[in-house]
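Residue numbers run from 1 in the order of the sequence given.
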Amino acid sequence: MSSISHFIDGTQVPRTSSRTAPVFEPATGAVIAAVDLATAAQVDEAVASASTAFTTWRRSSLSQRSEILFRFRALIDDHREDLAAIVTREHGKVRSDAMGEVARGLENVEFACGIPHLLKGSFSEQASRGIDVHSALQPLGVVAGITPFNFPVMVPLWMLATAIACGNTFVLKPSERDPSASVMLAQLLTEAGLPDGVCNVVHGDAEAVDRILTHPEIAAVSFVGSTPVARHVYREGTNSGKRVQALGGAKNHMVVLPDADIDTAADAAVSAAYGSAGERCMAISVVVAVGAAADPLVDAIAARIPGIVVGAGDDPRSDVGPLITSTHRDSVAAHVANAALEGASLVVDGRNQTFDGSGFFLGLSLVDHVTPDMAIYREEVFGPVLAVVRADSLDDALSLVNENPYGNGVAIFTRDGGSARLFQVEVEAGMVGINVPVPVPVSYYSFGGWKASLFGDTHMYGPEGIHFYTRSKVVTSRWPEPSASQIDLGFPQTR
């Protein structure tokens, strides 16, 4: 069994931790590695390395940063298959899904390669007589990222590419459930020419997280995970004087109007609900079927489920892989059982599907006649379960979505432009799809929700990522002729 240790100051450190956690292969249930869990002292070591590196990295030229990121981009491209294989083995995703994750992460590196343009400030000549004013964006210092298990390549690249491009140094705490991809990314950055200490990886649990949140030399923290933990990260981080962007959970709705093409909507619902075994913060977990769309839509979704193959991620026949742990699989199954007890209709019960071996597999479930008071609607299930809520009108559907405490992503399927425009204007969510079921923004926009899906005021990556990882400095300058200098005790004039 292999061991996975921290990456600090440009090298993978020998095992020093007295605490470890098992890393499972979800497809078999076997323990394939042990990952070190950092102590507070080991987090301090990574921060010290990053702090030392910041003194020189912050002075690096924009051209140097861009050149390193271009090389990093090329190395990721060369190692797509290797990164995807790690994701499949430790997370369980099927190969196509893992490859897609790597591709979307790569897009964020490509955006960060444009840092010479993205960090351009502004200049005003002759703002007052003989006075010029300009602004500049400067790095914060040492910043940290705490990332979830469900996207072990993409989400770290949301953070570290932008943070490093802006001149910061970075400490990454990935999920201990699938930690190897983050180490490989750090190694590729070193191979690309990134100076030692600019990017460090520490594995760990709550002890490492709490030290990151209170460490006096960490200026900002980015987080993606569940809402309860996001709330904790935001509260503790801001109490320690840090900038925090903490993305929480979701309950993403897909509204289907009666005029929508039912086959298209059914295809979209199946793809968005069950892809990656539902372990996506942007997965569609609720279909809101409006009026006459309900019965044909439910029938169409149910007819497609038997054709979806659940199996090992490295099996080319598989469409959906296992869940991340046996505990999580059992929790998702319990949600399905409880929905039936609360009066919902189990159109397809994934618990009835059996699998060979000890992998963490669960079949796909479709639950109809769900109401907002049921636990399967209120709580984030994060598994291959699609709930159907029926609404009488678009107004009812819109009210349902807006009353939900989450506001991450939402979609509407319709042929009516007026209805779509009304929905996009009135819906209370950070990301909206029109005939697009999973509206994840491209890298040159920004990712983030509203309400209980986001703590903080800045979304992830893209332009808002640049804003989060920099602070603005405004310089007002005058170069008068010596003979023109005189004492002026009045208020500065701009006219």
Run the salt-bridge test on [X] and [Y] with the 4.0 Å N-O cut-off and return the result as yes or no.
{"X": "R95", "Y": "E81", "value": "yes"}
{"X": "R177", "Y": "E90", "value": "no"}
{"X": "D78", "Y": "R73", "value": "no"}
{"X": "K242", "Y": "E236", "value": "no"}
{"X": "K251", "Y": "E380", "value": "no"}

Quick one: closest heavy-atom pair of [X] and [Y], and the distance?
{"X": "R58", "Y": "P139", "answer": "CB-CG, 4.1 Å"}
{"X": "T227", "Y": "A452", "answer": "OG1-O, 2.8 Å"}
{"X": "V155", "Y": "P148", "answer": "CG1-CD, 3.7 Å"}
{"X": "I284", "Y": "L386", "answer": "O-CD1, 3.8 Å"}
{"X": "F423", "Y": "L398", "answer": "CD1-CD1, 3.7 Å"}
{"X": "A230", "Y": "A246", "answer": "O-CB, 3.6 Å"}

Under 3.5 Å, is there a donor-acceptor pair linking the side chains of [X] and [Y]?
{"X": "T214", "Y": "S240", "value": "no"}
{"X": "D132", "Y": "S477", "value": "no"}
{"X": "S51", "Y": "E217", "value": "yes"}
{"X": "R65", "Y": "S60", "value": "yes"}
{"X": "E464", "Y": "T458", "value": "no"}

A quick test of your reading: do over 12 heavy atoms of other residues, nucleotides or ligands sit less than 6.0 Å from [atom1] of [X]?
{"X": "R421", "atom1": "CZ", "result": "no"}
{"X": "R471", "atom1": "CZ", "result": "no"}
{"X": "D457", "atom1": "CG", "result": "no"}
{"X": "Y445", "atom1": "OH", "result": "no"}

Parallel, tilted or perpendicular: ring planes of F447 versus W158, cut at 30 and 60 degrees: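 Judged by the thresholds at 30° and 60°, the geometry between F447 and W158 is tilted.
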
Indicate yes or no: at least one non-hydrogen side-chain atom of [X] is less than 4.5 angstrom from one of [Y].
{"X": "T162", "Y": "L118", "result": "no"}
{"X": "P179", "Y": "V23", "result": "yes"}
{"X": "V142", "Y": "V171", "result": "yes"}
{"X": "L119", "Y": "T470", "result": "yes"}
{"X": "V87", "Y": "D178", "result": "no"}
{"X": "V255", "Y": "F413", "result": "no"}
{"X": "L257", "Y": "S419", "result": "yes"}
{"X": "D44", "Y": "R211", "result": "yes"}

Worked verdict on V221 versus L213 for side chain to side chain contact (heavy atoms under 4.5 Å, CB included): CA-CA 7 Å; V221 176; L213 296 179; 4.2 Å; yes

Counting N and O atoms only, with roles assigned by atom type, does the side chain of [X] sit under 3.5 Å from a partner on the main chain of [Y], one being a donor and the other an acceptor?
{"X": "N200", "Y": "D9", "value": "yes"}
{"X": "E279", "Y": "F382", "value": "no"}
{"X": "D196", "Y": "T11", "value": "no"}
{"X": "E101", "Y": "M154", "value": "yes"}
{"X": "D319", "Y": "I308", "value": "no"}
{"X": "R71", "Y": "A192", "value": "yes"}
{"X": "Y469", "Y": "G167", "value": "no"}
{"X": "S128", "Y": "I131", "value": "no"}
{"X": "S5", "Y": "P14", "value": "no"}
{"X": "K451", "Y": "N402", "value": "yes"}

Ring-face cation of R231 near F455 (centre distance under 6.0 Å, axis angle within 45°):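 Because its charged atom misses either the 6.0 Å distance or the 45° angle limit, R231 does not stack over F455.
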
If you round to the nearest 0.5 Å, how far is [atom2] of [Y] from [atom1] of [X]?
{"X": "Y406", "Y": "C281", "atom1": "OH", "atom2": "SG", "answer": "12.0 Å"}
{"X": "F24", "Y": "I324", "atom1": "CZ", "atom2": "CD1", "answer": "10.0 Å"}
{"X": "Q187", "Y": "M184", "atom1": "CD", "atom2": "CE", "answer": "7.5 Å"}
{"X": "H203", "Y": "S182", "atom1": "NE2", "atom2": "OG", "answer": "7.0 Å"}
{"X": "N252", "Y": "M282", "atom1": "CG", "atom2": "CE", "answer": "5.5 Å"}
{"X": "T20", "Y": "D36", "atom1": "OG1", "atom2": "CG", "answer": "7.0 Å"}

Full working for salt bridge (Lys or Arg N to Asp or Glu O under 4.0 Å) between R19 and E207: CA-CA 11 Å; R19 297 187 307 128; E207 182 176 348; 3.1 Å; yes

Step-by-step side-chain hydrogen bond (donor to acceptor under 3.5 Å, both in side chains) determination, D97 to S276: CA-CA 7 Å; D97 198 12; S276 198; 3.2 Å; yes

Verdict with supporting geometry, V256 and V288, side chain to side chain contact (heavy atoms under 4.5 Å, CB included): CA-CA 6 Å; V256 181; V288 184; over 6 Å; no

Chi angles and distances behind the side chain to side chain contact (heavy atoms under 4.5 Å, CB included) call for M254, V286: CA-CA 6 Å; M254 174 176 148; V286 179; over 6 Å; no

Criterion side-chain contact (heavy atoms from CB on, under 4.5 Å) against F72, the qualifying member of L157, L194, I164: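 When L157, L194, I164 are each tested with F72, the side-chain contact (heavy atoms from CB on, under 4.5 Å) holds only for L157.
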
S472 and S135: CA distance, side-chain angles, deciding distance, side-chain hydrogen bond (donor to acceptor under 3.5 Å, both in side chains) verdict: CA-CA 7 Å; S472 177; S135 67; 5.0 Å; no

Evaluation steps, side chain to side chain contact (heavy atoms under 4.5 Å, CB included), between I146 and V209: CA-CA 8 Å; I146 303 169; V209 170; 4.0 Å; yes

